[in-house]
Amino acid sequence: TEYLATYNAKLKDLTSDYTATEDEIRSLIGEYNEYRTGAQDRVIEITGELRELVTDEEWKKLDEIRTQQVQALMDGARWL
């Protein structure tokens, strides 16, 4: 995602900068962790919403689509 690309670029810049402080790096990682936690919460929320809308049989048929959507969401929250 765009967020992850921006995060990775900022992290690379900070860790490549001799003058970057530990606080600057920690702050950026803290922002990333907040984003990641939000993405994880959204996965849980989406799963619950879907479960309320379909039968067990329909749920099984949706497995591939659901897996793709969760993967796409989590791609935005991966560490380097």
Side-chain angles (χ1 to χ4, degrees):
T1 68
E2 184 177 330
Y3 176 85
L4 185 58
T6 300
Y7 167 77
N8 284 337
K10 287 179 181 179
L11 184 61
K12 182 177 184 264
D13 288 347
L14 278 176
T15 57
S16 297
D17 181 355
Y18 183 80
T19 64
T21 66
E22 182 177 322
D23 286 341
E24 289 173 311
I25 296 168
R26 286 186 183 278
S27 176
L28 179 63
I29 292 171
E31 291 171 14
Y32 165 78
N33 286 335
E34 288 178 25
Y35 172 83
R36 183 178 52 103
T37 299
Q40 291 170 341
D41 290 344
R42 186 68 182 130
V43 167
I44 293 166
E45 182 181 326
I46 290 168
T47 300
E49 290 172 0
L50 284 172
R51 193 175 289 136
E52 292 177 12
L53 297 172
V54 299
T55 66
D56 183 51
E57 185 175 313
E58 292 168 325
W59 183 260
K60 290 173 185 171
K61 290 179 183 177
L62 289 171
D63 186 51
E64 183 177 330
I65 294 168
R66 186 176 58 252
T67 299
Q68 291 170 356
Q69 293 300 313
V70 168
Q71 185 65 45
L73 182 59
M74 295 310 293
D75 281 346
R78 291 186 193 272
W79 182 252
L80 290 174

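The first residue of the sequence shown is numbered 1, and numbering continues consecutively from there.
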Worksheet item: Got a sec, which residues hit salt bridge (Lys or Arg N to Asp or Glu O under 4.0 Å) with Glu58, two or more places apart in sequence or on another chain?
Response: none
Fill in: Residues forming a side-chain contact (heavy atoms from CB on, under 4.5 Å) with Leu50, sequence neighbours excluded
Ile46, Trp59, Arg66
Worksheet item: Got a sec, which residues hit side-chain hydrogen bond (donor to acceptor under 3.5 Å, both in side chains) with Thr19, two or more places apart in sequence or on another chain?
Response: Asp17
Response to the item:
Sorted by chain and number, sequence neighbours left out, salt bridge (Lys or Arg N to Asp or Glu O under 4.0 Å) with Asp23 holds for none
Fill in: By side-chain contact (heavy atoms from CB on, under 4.5 Å) - contacts of Glu2 (at least two apart)
Thr6
Worksheet item: Among all residues two or more places apart in sequence or in another chain, which pass the side-chain contact (heavy atoms from CB on, under 4.5 Å) test with Glu49?
Response: Arg42, Glu45
Fill in: Non-neighbouring partners of Asp56 that pass side-chain hydrogen bond (donor to acceptor under 3.5 Å, both in side chains), sequence neighbours left out
Lys60
Response to the item:
Closest heavy-atom pair, Tyr3 versus Tyr32, reported as atoms and distance to 0.1 Å, is OH-CA, 3.3 Å
Discussion item. Among residues at least two apart in sequence or on other chains, which ones pass side-chain contact (heavy atoms from CB on, under 4.5 Å) with Glu34?
Written reply: none
Worksheet, complete the sentence: side-chain hydrogen bond (donor to acceptor under 3.5 Å, both in side chains) filter on Asn33, not counting sequence neighbours, yields Arg36
Worksheet item: Can you name the salt bridge (Lys or Arg N to Asp or Glu O under 4.0 Å) partners of Arg26, sequence neighbours left out?
Response: Glu22
Worksheet item: Taking side chain as C-beta onward, heavy atoms only, is Lys12 less than 4.5 Å from Asn8?
Response: no
Discussion item. Within this structure, what is the OG1-CZ distance for the pair Thr47 and Arg51, rounded to the nearest 0.5 Å?
Written reply: 6.5 Å
Fill in: Which residues share a side-chain hydrogen bond (donor to acceptor under 3.5 Å, both in side chains) with Glu24, sequence neighbours left out
Thr21
Worksheet entry | Sequence-distant partners of Lys10, salt bridge (Lys or Arg N to Asp or Glu O under 4.0 Å), two or more places apart | none
Item to complete: Identify the heavy atoms of Leu62 and Val54 that sit nearest to each other, and give their distance.
Response: CD1-CG1, 3.8 Å
Practice prompt. May I ask you to test the Thr67-Glu64 pair for a side-chain heavy-atom distance under 4.5 Å?
Written response: no
